[in-house]
Amino acid sequence: MRNNEIKKNYLKKIKEIAKLNESYYDKNSPLVLDSEYDLLKNEILNLEKKFKFLDHENSPSKIVGFKPSKTFQKINHKVPMLSLANAFTENDLMNFEKKIINFLNEKKNFEIEYSAEPKIDGISASLIYKDGKFVTGLSRGDGQTGEDITANLKTIIDIPQLINAKDFPKEIDIRGEVFIKNSDFKKLQDKFANPRNAASGSLRQKNADDTKKIPLKFIAYTFGFEKGLKIQNQENFLKKLSEWGFKTNNLNKTIIGTQNLMTNYNEIEKKRSDLDFDIDGIVYKINDFKLQKRLGFVANAPRWAIAHKFSANSGISKILDIDIQIGRTGALTPVAKINPVNIGGVTVSNATLHNEDEINRKDVRIGDTVKIERAGDVIPHIISVDLKKRIKNSIKFSFPKKCPSCGSETIKEYNTITKKKDAVRRCSSEGFECEKIVIEKIKHFVSKEAFNIDGLGKKIVENFFKQKIVRLPQDIFTLDYNKIEKMEGWGDQSVLNLRYSINQRKKISFEKFIYSLGIRHIGLENAKLISKNLKSPVNFLHLSKSNKIEELLNIDGIGETQINSIKSFFSNKINQKVVNELFKILQINNSFDTKKNGPLKNKTFMLTGKLTGMSRAEAKSLIEQNSGSIISNISKKLNYLIVGDKPTKRKIDAANEMNIEILTQKDFIKILNKTS
Ligand code: IVH
């Protein structure tokens with residue numbers, strides 16, 4: 001599914017749940033059974049887990065147990081809660097400083113003092129104190145109007161309820177960030193996509209008792225309106241905050257000049273992974289309040305402050321452990337379990353190390369501090385190790401020589417094309433003998449491009465395997481539905497749905513059938529080529545007999561690698577049994593849609609060089625549509641060699657030697673024209 005379709009489907013579900021919520025909470029009249037509600041809720045949570053770009057304020061992930069009440073009272077902020085402009089590079093910082101110097105009409109070498117404060121990625125809140133008493137707490141809302149969340153904020157231990165200090169202003173609006181520590185978030189990870197969502201969900205609970213259940217923290221950093229504040233700069237204000245009993249960030253610093261800001265930025269970015277809370281950058285504020293006042297605001301951001309953001313697609317963390325995952329083709333992939341780190345809004349706790357060679361090349365070890373990159377939807381990966389931070393007694397990672405799942409030897413194959421050993425180490429067992437490989441094979445079998453069985457997601461396949469409900473692909477078609485119905489998470493309707501989708505898939509195209517077997521090196525394209533060549537599915541069943549597999553070498557696109565893989569597949573008894581059993585159960589349709597008795601019947605072609613105005617693929621498809629076939633080696637079986645621009649001389653010589661007819665592109669077109 002494309003991202004926009006996924007989003008459309010997700011939003012449909014969000015709309016549905018919003019309707020159910022409204023009826024249940026606001027009108028006190030449930031529209032559906034609780035179980036149905038939970039099903040919908042789980043579907044939404046699963047989608048969010050799978051596709052990190054999904055996010056909506058009405059999502060159940062933002063709400064623990066209760067929907068945030070619409071009845072939070074709206075209150076105007078006396079001083080708006082503004083946002084900050086962003087800087088990403090040193091150049092952005094220099095421009096920021098230059099503009100300030102210009103605005104203040106100062107000399108180029110004017111030294112500016114900044115308060116540099118790590119920017120915690122949480123939810124901002126405004127706390128109004130009157131005569132030292134915390135009276136009203138507001139969320140940011142749209143910046144102009146917030147929601148009265150006083151009761152929820154009062155549950156936060158870091159927020160002082162009463163301040164007796166003599167120099168505490170008569171009235172003041174203290175502002176800061178509400179957040180959740182990463183270590184506390186770990187316990188809630190199933191419910192929320194990231195710590196920020198957890199904090200936001202908790203803060204907006206209808207019932208303050210539910211807010212209490214999630215340990216929220218508060219760090220203060222600025223103020224809104226005030227009566228009687230006698231302080232000249234941000235540095236002193238932060239000191240006072242802490243004297244008054246607020247928590248402030250102990251990484252806050254006062255710094256002069258952009259050069260020093262950069263040094264601090266780099267140091268903090270390195271420390272980022274050791275912190276127990278997420279920061280997404282550093283906020284720089286002109287230290288002097290008088291200058292702040294002069295500089296004022298532009299649109300909805302102050303001219304005197306900027307947020308220097310960390311790059312969104314990389315993060316630094318520590319390796320807690322290295323797991324070895326086994327894929328469908330037996331490849332052993334090392335995966336680093338890392339201290340969860342927020343990279344561009346997504347909490348990352350696993351990062352791939354690709355293969356044995358890669359882990360050796362980078363000498364990645366457990367306990368190392370590493371840089372992780374996440375781009376788009378690809379799996380996050382480790383880019384580099386910070387050797388300066390390596391712990392003293394760290395030991396080199398030793399890659400397992402035995403498969404961690406089945407204990408078979410692991411091997412590195414010799415690649416005949418690169419003339420080198422593969423970078424990947426593999427389990428040497430033949431597929432269905434290794435548990436981890438079987439599970440992956442079954443996942444592949446039911447996947448979108450193969451059997452496309454709705455309702456058999458990865459987690460369900462794993463569970464069915466564990467429960468011994470499905471051990472081999474054919475078991476999917478003889479499921480014990482009575483047993484499944486009694487399992488946790490299943491009900492009449494979901495079992496009915498599963499049964500329906502499985503029955504629907506008993507008819508399958510020949511090419512998809514070949515692909516679904518998960519034979520190494522036989523992807524969809526090759527499966528298509530083989531099905532076209534074999535024509536009838538029965539021929540596939542007979543492949544293992546005699547020398548039939550070798551004949552596939554005549555297919556253009558199928559080489560030794562594929563042939564060896566097919567041979568090795570059929571040489572295994574369990575594989576043969578799987579194919580035989582599937583043939584008994586399924587109706588495999590011959591997807592061959594070209595002319596059976598076309599004019600090029602029994603004629604074989606080979607191409608060398610580039611054709612003009614026609615791609616190789618098009619020429620090939622034209623030949624096949626007319627019942628001819630393409631072969632990839634020059635042999636006695638070849639009838640025509642079509643020669644384009646810059647052909648391989650060796651092929652022409654060989655064809656001449658064997659008296660094979662040579663065609664120019666013109667000749668070839670003539671033959672085709674005769675046929676139509
Ligand atoms: S000062 C006008 N200081 O960043 C001043 N904000 O985009 C604005 N934030 O909504 C706030 N740490 O949630 C300030 N030390 C800090 C901050 C901080 C985090 C957040 C805050 C605000 C956002 C600005």
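First listed ligand is number 1; within each ligand, the first listed atom is number 1.
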Please name the pair of heavy atoms, one in A307 and one in K119, separated by the smallest distance, quoted to 0.1 Å. CB-CD, 3.9 Å

Would you tell me which option among G281, S124, P118 has the nearest heavy-atom contact to atom 10 (O) of ligand 1? S124

Pairs satisfying ring pair (Phe, Tyr, Trp, His ring centres under 6.0 Å), at least one member in residues 77-96, at least two apart: none

Might you work through the side chain to side chain donor-acceptor pair (under 3.5 Å) test for T145 and N76, ending with a clear yes or no? CA-CA 4 Å; T145 310; N76 280 345; 2.9 Å; yes

Backbone N or O of L203 within a donor-acceptor pair of the N152 side chain at under 3.5 Å? yes

Just which atoms of ligand 1 are under 4.0 Å from any heavy atom in E117? 3 (N), 15 (N), 16 (C)

Which of the numbered atoms in ligand 1 are below 4.0 angstrom from a heavy atom of I120? 12 (N), 19 (C)

Tell me: protein heavy atom nearest [atom], and distance?
| atom | answer |
| --- | --- |
| atom 5 (C) of ligand 1 | L84 CD2, 4.0 Å |
| atom 4 (O) of ligand 1 | K119 CE, 3.1 Å |
| atom 11 (C) of ligand 1 | Y221 CE1, 4.0 Å |

Measure the distances from the heavy atoms of K285 to every atom of ligand 1 and state whether one is below 4.0 angstrom. yes

For ligand 1, is there an atom lying under 4.0 Å from some heavy atom of P302? yes

Backbone or side-chain N or O of W304 under 3.5 Å from ligand 1 N or O: no

Would you say E177 and ligand 1 have an N/O pair spaced under 3.5 Å apart? yes

Review item, side-chain donor-acceptor pairs of residues 125-132, under 3.5 Å, at least two apart:
| residue | atom | partner | partner atom | Å |
| --- | --- | --- | --- | --- |
| S126 | OG | D173 | OD1 | 3.0 |
| Y129 | OH | P160 | O | 2.6 |
| D131 | OD1 | K170 | NZ | 2.7 |

Do E269 and Y265 make a side-chain contact, defined as non-hydrogen atoms from C-beta onward lying under 4.5 Å apart? yes

Test side chain to side chain contact (heavy atoms under 4.5 Å, CB included) on L93 and Y284; report intermediate values, then the result. CA-CA 10 Å; L93 283 191; Y284 304 133; 3.5 Å; yes

